[in-house]
Structure formats: C-alpha cells, structure tokens
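Okay, so here's the structure we're looking at.
Computed from heavy atoms alone, side chains included, the values below leave out hydrogens, waters and symmetry copies. Every number for a ligand or one of its atoms is a count from 1 in the order of the listing.
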Amino acid sequence: MTPITKNRVYVTRELPQRGLNRIKENFDTQIWSEYIPPTKKQLIEKIRDVDAIASNVSDKIDAEVFDAAPKLKIVSQMAVGYDNIDVIEATKRGIYVTNTPDVLTDTTADYAFALILAIARRVVEADKYVRDGKWTIGWHPSFMMGTDVNGATLGIIGAGRIGYAVAKRAKGFNMKIIYNDVSQRLEMEKELDAIYVDLETVFKEADFVSVHVPLLPETRYLVNSDKLSLMKKTSYLINTSRGPVVNEKALYDALVNKKIAGAAIDVFEQEPTPIDNPLLKLDNIVVAPHIASSSYETREKMSEMVADNLITFFKGVTPPNLVNKELKK
Ligand code: GLV
C-alpha cells in the first residue's frame with residue numbers, strides 16, 4: 001500500500017486493526033511487532049528518523065527519546081492518561097502530545113464497577129473455591145457471605161469523566177455518592193445527588209473508595225497510610241487510575257492488619273507487577289493487569305483516535321485531543 005503522505009510514523013505496538021490500517025494508509029509506517037514492548041534502547045534506535053510516534057502507557061517518552069528523534073513533531077498516545085510522557089519537555093520542544101479521552105470512559109467505569117462487585121461479593125474467590133474442589137458441602141446459611149453494594153456509600157476521588165461514569169452506575173445500585181475533586185461538579189450533584197466532601201471525609205465515610213485521578217506530582221501516593229487509616233474496617237479501596245496514586249506498601253499493611261476489608265486494583269506501582277509482590281499473597285484483594293479500558297469496541301475506537309490525531313496534525317490542523325494546548329495552531 002502506498003501511503004498518502006511520506007511522513008514517518010513509528011507505532012510502538014501492534015494496534016487494533018481499524019486504527020492501524022488508517023495509519024498505514026496515511027503514513028510511511030513502521031511497527032514494533034513483538035508482543036513485549038521495546039526497551040528504551042530499542043525504541044531510540046527505531047525513532048531516529050520519524051516524524052511521529054504512536055505510543056502507549058508502557059513507553060517512557062522523555063528527553064532522551066526526544067533527543068534521539070530530531071524530526072519528531074507529535075506523540076499520539078493510545079490512552080487517556082499520559083504520565084509516561086514528559087509533556088513539559090515535549091512542549092518546550094514544540095512537540096505535540098495527544099491522547100484518547102471519552103471513548104474509554106464507560107468501558108473503564110464498567111470495569112471499576114466490576115471490581116467493586118468482585119471484591120464485595122467475593123466473585124474471584126468463589127470461582128477459585130469451586131475449581132479447587134473445595135465445594136464439598138452444599139448450601140449453608142452463612143457460607144461465603146459478602147458485603148452489599150446496593151445501598152452502600154460510594155466515595156469517588158477524582159470526579160472527572162470516569163469518576164462521574166462510575167457514579168452513574170452507582171446510582172442504579174441505589175448507592176449514596178460522595179466525592180472529592182479539585183472543584184465541585186454541579187452537574188453530577190444535580191443528576192446523581194452526589195455530595196461534595198473533603199478528601200478525608202471520603203475516606204472516613206465511604207464503604208467503597210474508588211480512585212479516578214490522573215497521576216501528577218500532587219496525586220502520587222495520595223492514598224497513603226494516613227488516608228487508609230481513616231477508612232472503616234468494613235470498607236474497600238478500588239483503584240483503576242494509576243498505580244503510584246496508591247502507596248502499595250501502605251495498602252499491604254492496611255490489608256494484612258485488616259484495617260480495611262479489602263481492595264481491588266487494576267494498576268500497580270510497577271507494571272507488570274513482580275510475581276513476588278506481597279499484595280498477591282493476600283486473600284482480601286482482587287487484582288487485574290491494567291485492562292480497565294480493554295474491550296474490543298473501545299480499543300478499536302482508541303486506535304482510530306490515535307490515527308485521527310496524527311492525520312489531523314499532518315493536515316496542518318490542531319489535533320482534536322491535544323494535551324499540550326499551549327501549542328495550538
Ligand atoms: C489507560 O490506562 C489509559 O490511561 O487510558
């Protein structure tokens with residue numbers, strides 16, 4: 001296939017088809033086709049001559065990468081979060097950074113809710129129990145009791161698009177919704193009777209604390225031992241945002257000492273998390289490998305957005321999902 005433009009794009013992982021085809025049709029495209037990500041060194045070798053990089057959350061895109069790619073004009077990230085990219089450095093160099101918001105909101109919120117239900121109603125533990133052949137006695141009145149999600153209080157930390165979407169689901173479960181964010185969300189209050197409270201109150205009062213903030217210097221270790229110690233012994237922590245927003249060591253202490261009832265997390269401080277991560281030894285946690293936005297439909301849409309951000313940019317128009325808006329054309 002002869003691409004429409006000669007601009008060179010390096011795609012750091014095989015994207016879902018719709019987006020990948022669109023990139024291939026439009027650009028001189030090279031792809032890292034292995035399943036495991038390129039190392040920093042390998043990435044640097046590949047991008048020396050490119051105009052654009054299509055990246056994802058496991059690529060560290062920083063000054064070293066920019067230094068190695070003098071022609072680089074845009075990094076089109078397949079994710080809503082972009083903490084893996086040094087945006088300040090990109091902006092200084094006039095390099096555009098784009099992301100893929102909105103299309104993944106509902107899918108990610110579905111997953112956060114799945115984690116709430118899974119930990120509260122012991123879904124993963126029950127599955128394992130049956131498969132391990134432990135279900136040798138039939139029904140018992142007090143067997144494997146869990147915690148009700150319906151009617152409980154949900155505490156949202158970070159009521160942006162995804163936090164709001166989780167709250168909408170909670171409304172269907174007749175939950176009371178409290179939240180904290182840098183600013184009040186009046187629409188959410190009106191639509192869902194959500195109540196704005198300070199951060200400490202979220203931790204103190206919620207039965208489920210669900211974290212939806214981006215990873216920023218201010219949010220790193222936002223959930224630490226002080227915050228966890230405010231939580232009720234019967235409450236749960238859910239994290240589908242970024243691993244380093246929660247101090248894993250503090251979470252381990254809270255779980256092992258039963259200071260909270262449990263946790264369900266899709267993200268880790270280090271990804272992939274090492275198999276000897278002590279959290280993985282605990283029964284009162286459900287874990288997942290950073291897949292909250294991973295549905296067929298959404299990942300296709302995200303890949304198309306990656307392509308469209310690139311195509312728009314090379315047409316000389318500001319891409320729709322520009323992160324460093326200072327660079328607006
Ligand atoms: C995934 O983690 C994303 O930020 O989209």
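Residues satisfying the side chain to side chain donor-acceptor pair (under 3.5 Å) test with Thr298, not counting sequence neighbours, are Thr107, Ser295.
Annotation: ligand 1 has protein neighbours Ala79, Val80, Gly81, Leu104, Arg242, His290, each with a heavy atom less than 4.0 angstrom from the ligand.
Interatomic distance, Ile260 CD1 to Leu255 CG, rounded to the nearest 0.5 Å: 4.5 Å.
Glu187 has no carboxylate O lying under 4.0 Å from a charged side-chain N of Lys190, or vice versa, which leaves the two without a salt bridge.
Between Trp32 and Thr12, the closest heavy-atom pair is CB-O, 3.4 Å. Thr312 and Pro320 get closest at one heavy-atom pair: OG1-CD, 3.6 Å.
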Check against side-chain contact (heavy atoms from CB on, under 4.5 Å), Glu125 and Asp283:
CA-CA 8 Å; Glu125 186 187 339; Asp283 292 332; 5.9 Å; no
